[in-house]
Amino acid sequence: MKILYFGVLSEISGKTEENIDFTGTISQLQSRLNEMYPDINKQRFQISVNQHIVDNTHSINQGDEIALLPPFTGG
Amino acid sequence: MKILYFGVLSEISGKTEENIDFTGTISQLQSRLNEMYPDINKQRFQISVNQHIVDNTHSINQGDEIALLPPFTGG
Amino acid sequence: MKTTTHLIDGPIPSRLISSEIEKHTSKTNIGAHAIFLGQVRADLIGENKVSGIEYSAYEEMIAITVQEIKDSLFAKYDDLICMHIFHSTGMVKVGENSLFVLVSSRHRKHAFRAIEDCVEQIKEKLPVWKKEIFQDGSHKWQNK
Amino acid sequence: MKTTTHLIDGPIPSRLISSEIEKHTSKTNIGAHAIFLGQVRADLIGENKVSGIEYSAYEEMIAITVQEIKDSLFAKYDDLICMHIFHSTGMVKVGENSLFVLVSSRHRKHAFRAIEDCVEQIKEKLPVWKKEIFQDGSHKWQNK
């Protein structure tokens with residue numbers, strides 16, 4: 001599973017993307033992220049799966065593209 | 001006194017400007033115009049004196065620039 | 001807040017839009033530009049199709065009117081930094097532009113408010129007249 | 001009503017504005033264009049002055065988001081004929097433009113409504129992030 005880090009989250013994780021071995025729900029992914037990067041969960045962000053924003057109950061499959069999206073600040 | 005005709009009024013009068021000998025109020029000017037160009041008073045228009053729109057009671061002086069202004073349709 | 005009144009002979013050249021924007025690069029308090037362009041439509045009036053519009057203007061009155069519009073906008077929108085109006089005179093063909101308005105402000109809200117207000121005031125107050133020219137060569141003075 | 005998603009590397013070139021307008025000359029049902037440009041301000045954050053903004057975007061998600069914005073605008077404003085969005089990625093210096101939105105409609109009312117609606121939706125939904133770069137070399141990720 002590929003995971004993309006945007007905005008301030010790329011600074012916290014020190015990378016813009018990585019591949020991790022994971023299956024489970026978004027809630028479970030957040031726990032996993034908390035272990036990997038304890039500072040990430042201090043930030044506000046949404047999560048997308050294959051470019052669509054999903055909620056905590058959504059199940060992730062191998063091969064999905066996950067992205068961590070801080071509040072958008074374009075324009 | 002110089003009088004300018006704009007829009008459809010230039011077509012009715014057959015000219016864009018002319019000099020006429022006149023002193024009096026705007027009301028009196030309208031009577032005079034009615035004699036000169038009977039079709040003009042069938043049109044809606046405002047009158048400006050020296051580029052400022054005035055009402056019927058305004059007195060015109062020799063040397064003023066009068067303009068007959070149909071509804072504006074710019075843009 | 002100087003008054004720059006611009007009557008353009010014929011259509012608004014599209015490069016004018018770019019060059020006006022470039023002039024604002026040094027105004028580093030600007031955060032938003034809003035632009036309006038009026039384009040001549042191929043309207044069908046009865047069976048007659050518009051091929052262009054011929055504009056005439058009372059040049060000496062335009063500077064006064066533009067200043068009035070400016071004063072009213074700057075009084076209403078305190079975030080506004082500058083505004084520019086360009087209007088065509090003479091023939092403008094279908095698909096070409098006859099009006100170009102640019103307003104610039106610190107934040108976007110006042111740019112949106114000012115651009116619409118400005119265009120409505122232009123339509124109402126600017127001493128300009130349009131004569132629709134049809135494909136068969138006939139014409140009609142537009143009436144409100 | 002096709003989706004054209006444009007990310008521009010660096011500032012919006014001002015000639016792009018002219019060339020986009022020129023492309024609409026053949027659309028003779030258009031009567032009004034409304035344009036929005038977002039320009040980078042030299043804001044003062046504490047004692048630090050902004051020298052530029054570095055934008056990053058989630059490219060693969062942008063096409064989807066732009067299509068959603070388009071669908072919502074065309075459903076609301078039936079006078080709308082087309083819309084185009086261009087957003088910068090990478091570094092955009094103070095005084096340069098980072099966002100260019102163009103909407104075109106038959107009559108002006110819907111152009112005014114759609115341009116503001118579109119920019120608000122871009123701010124809310126487009127997956128783009130800005131990092132303010134200060135004159136002393138430090139930076140700050142902008143937070144809403």
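A, B, ... follow the sequence lines: proteins, then strands. Residue 1 opens every chain.
The closest side-chain heavy-atom distance from Arg108(D) to Glu116(C) is not below 4.5 Å.
For Leu102(C), no part lies under 4.5 angstrom from a heavy atom of chain D. In this structure, no portion of Val101(D) lies under 4.5 Å from any heavy atom of chain C. Using a 4.5 Å cut-off between heavy atoms, Lys49(C) does not touch chain D at all. Neither the backbone nor the side chain of Asp43(D) comes within contact range of chain C; no heavy atom of the residue lies under 4.5 Å from a heavy atom of that chain. Contacts between Phe36(D) and chain C at a heavy-atom distance below 4.5 Å involve backbone atoms as well as side-chain atoms.
Taking Val50(C), Asn29(C), Val94(C), Ile30(C) one by one and counting their heavy-atom pairs under 4.5 Å with chain D, the maximum is reached by Ile30(C). Note: His33(D) leads His33(D), Glu120(D), Lys109(D), Glu96(D) in heavy-atom pairs under 4.5 Å with chain C.
Here the closest non-hydrogen pair linking Lys27(D) and Gln39(C) is O-NE2, 3.3 Å.
The 12-atom threshold is exceeded at NZ of Lys123(C), counting heavy atoms of other residues, nucleotides or ligands nearer than 6.0 Å.
Below 4.5 Å, heavy atoms of chain C meet heavy atoms from Ser14(D), Arg15(D), Ile17(D), Ser18(D), Ile21(D), Glu22(D), His24(D), Thr25(D), all part of residues 8-25 of chain D.
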